[in-house]
Amino acid sequence: MASQTVRELLDRSNRLGSNPKFTNYAGGNTSAKGNTEDPSTGKNVEVLYVKGSGGDLGTLKEPGLACLYLDRIRALVDVYRGVEHEDEMVSLFDFCTFGHGGAAPSIDTAMHGLVDVAHVDHLHPDSIIALATAADGPALTRECFGEEILWVDWRRPGFQLGLDISKLAKENPNAKGVVLGGHGLTTWADTSAECEKRSIDAIEKAEKFLASKGKKEPFGSRVKEWAPLPPEERRTRAALLAPALRGIASMDSPMVGSFSDTDVVLDFISRSELPRLAALGTSCPDHFLRTKISPMVLDTPSDATVEDVIARAHELHLKYRETYAAYYKKYAKPDSPAMRGADPLIILVPGVGMFSYGKDKQTSRVAGEFYINAINVMHGAESVSTYAPIPESEKFNIEYWELEEAKLRRMPKPKPLAGRIAIVTGGGSGIGKATAIRLSTEGACVVVADRDLEAATAVANEIGNTDKTISFKVDVTDEAAIIATVHAAALAFGGVDLVVNNAGLSLSKALVDTTTADWDLQHDVMARGSFLMSRESAKVMIAQKMGGDIVYVSSKNSIFAGPNNIAYGATKADQAHQVRLLAAELGTYQIRVNGVNPDGVVRGSGIFSSGWGANRAAVYGVEEEKLGEYYAQRSILKREVLPEHIAAAVFVLCSSDLALTTGLHIPVDSGVAAAFMR
């Protein structure tokens, strides 16, 4: 059971971390010092509890805390060899840990341990960083806070910064905290409640100071040519641009995208000072580690054609890569980590909005949130002074810090489909549901598309939050609805890499009883619907230049001829040949097209539950509830085929293990000799 000290720390952390006004996602850290019994000696010892490396204050729980002997942390002062040896101090934290388990201590542990006060908060509020990045930040801080909150010049986080702040706290007993130049806020107090109050008071005081003292248009005048497009037109334009921009951001490594057209973003990218301020980049380490030192900014007018914007984006991308490579070359040392990639993580398009990128949806979303934080910081700094972020050399030292590299090396190995974006039609039940869940489990972002939105949403909720999946209502016979689905994928995740054409239905009738309506309905849903989804998703894949996969869930009936099945069987044969035709055509773009031929997938099937099961049971002379068992017994392996088996085949076709396979149909039918491929 957690001690009162830990409970208070966690409650304080969660309140501060869940309010974006106080700190950004996974930004900042909090700590508390308390007494506990050391099981190894039975004696009472003083312990430091501090948020561990990489955690998020808003969701912090006890396992996310690092726990250390306080006397050992403070004893490190005696072995500290100076700023040239900062990195070795982090490894020494391991020799100070109390108990077992818990999170790895962060680089800010020294600041929390060396300040001789029970509770310490370190946060990254926009209002404070605005002061911290103003050209005359020390004077503005003094004007805003007097002697309550002091100023500390920029210093890279580490042991020396902890020494600097602890010295200030000791020499100024009435001080409540410090503004860290270019970085953020640190406050301290004897109680948890008072520490939290001091943090909030300082943030709100800075907000009021900026609001009362700041000028009205710190980003300059509005540029008519960069005015925001109307909302519907803006988002349509964003969906059309997203695939090409994602391809640009993914030249070195596949990325997932996010899009934002909030008022804050649209105002910033419509102002005359956009080029100057964007080029200066972000300042707070948490910001530029996730956004790169600066964004790629397009200079095209809002009403430029999509083709012109994309062409200009490719031109600017080449310049961006050259500039980033020059930045790396200028500051890299012989022992610096290798350059991680020269593509932008933030792309600003006047009139449209901001595109942000990361290895997964959460990372791309957070990168966008962090750049909005940076916009707010620039706005505040420019309103009272001139925005002056930390020097590029310091940014490089943070970005290519060996400690950051070590953190990256500790990250778990990516899942097989990490960074890929999938659309599954008919995803609300049966094979589609199982496939959507399997693709998500393997790391893909998934659009669960179904004409039954309630069913699709239920599947999406089962998979997880919107960082993993969205649901979308689509009638695959409707061309506009198909286009809207693909656009939704582009806006939610940046594009499309993987399409599973699974939507289907079936009517079991003899030839003489099959109407033209029966025929047209099945061909419209499966043949036409698959064609439309393949066509629209292929456009996106081609624009991305990242390859892709299209998988058709066809049927054993595309090969096998059975009675009372003319419309369904013919439609499935159409789908099967689409696989071959598209494999031959799209291979030049590294888009693979393959199919799965199931048979007898009764359990959870929307098709079988809607009347097809009863009809097929009547044809075969068995009870409907025993139809799955009947199908199993007529097969070679005598095993029932389940939706999960089809999902497994889809995954295998899309995995790197079959990277050179296209035009293939995999039978998943428990063995039906009459349906063997020939």
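Throughout, residue positions are numbered sequentially from 1 according to the sequence presented. Note that these values count all heavy atoms, side chains included, but never hydrogens, waters or copies made by symmetry.
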Could you check whether any side-chain heavy atom of [X] comes within less than 4.5 Å of a side-chain heavy atom of [Y], counting everything from C-beta outward?
X	Y	result
Tyr320	Ile248	no
Thr282	Asn373	no
Phe95	Arg72	no
Arg321	Asp343	yes
Phe159	Leu114	yes
Ser3	Thr36	no
Lys395	Ile390	yes
Tyr371	Ser356	no

Between [X] (side chain only) and [Y] (backbone N and O only), is there a donor and an acceptor less than 3.5 Å apart?
X	Y	value
Arg15	Glu196	no
Lys51	Gly55	yes
Trp188	Ala175	yes
Thr133	Pro389	no
Lys33	Val117	yes
Ser440	Ile437	no

Open item on the list: Assess, by modelled atom type and distance only, whether the side chains of Tyr331 and Glu399 contain a donor and an acceptor separated by less than 3.5 Å.
Closed with: no

Open item on the list: Any donor-acceptor pair under 3.5 Å linking the side-chain atoms of Asp108 with those of Ser106?
Closed with: no

Task: Cation-pi geometry met for Arg340 and Tyr328 (6.0 Å, 45°) - done: no

Open item on the list: Under the rule for side chain to side chain contact (heavy atoms under 4.5 Å, CB included), what residues qualify as partners of Asn397, not counting sequence neighbours?
Closed with: Arg156, Lys333, Glu394

Task: For Asp136, side chain to side chain contact (heavy atoms under 4.5 Å, CB included) partners two or more places apart - done: Ala134, Leu140, Ser385

Open item on the list: As a test of understanding, state which of Arg142, Lys176, Arg198 forms a side-chain contact (heavy atoms from CB on, under 4.5 Å) with Ile149.
Closed with: Lys176

Open item on the list: My understanding is that only one of Leu348, Ile347, Val264, Thr262 makes a side-chain contact (heavy atoms from CB on, under 4.5 Å) with Met354; could you say which?
Closed with: Leu348

What residues, two or more places apart in sequence or in another chain, satisfy side-chain hydrogen bond (donor to acceptor under 3.5 Å, both in side chains) together with [X]?
X	answer
Asp121	Arg12, Ser199
Asp201	Lys197
Asn14	none

Taking the basic N atoms (NZ, or NE/NH1/NH2) and the acidic carboxylate oxygens, is any pair closer than 4.0 Å for [X] and [Y]?
X	Y	value
Lys213	Glu143	yes
Arg365	Glu369	yes
Arg155	Glu86	no

TODO: Could you tell me which residues satisfy salt bridge (charged side-chain N to carboxylate O under 4.0 Å, His left out) with Lys292, sequence neighbours excluded, listed by chain and number?
DONE: none

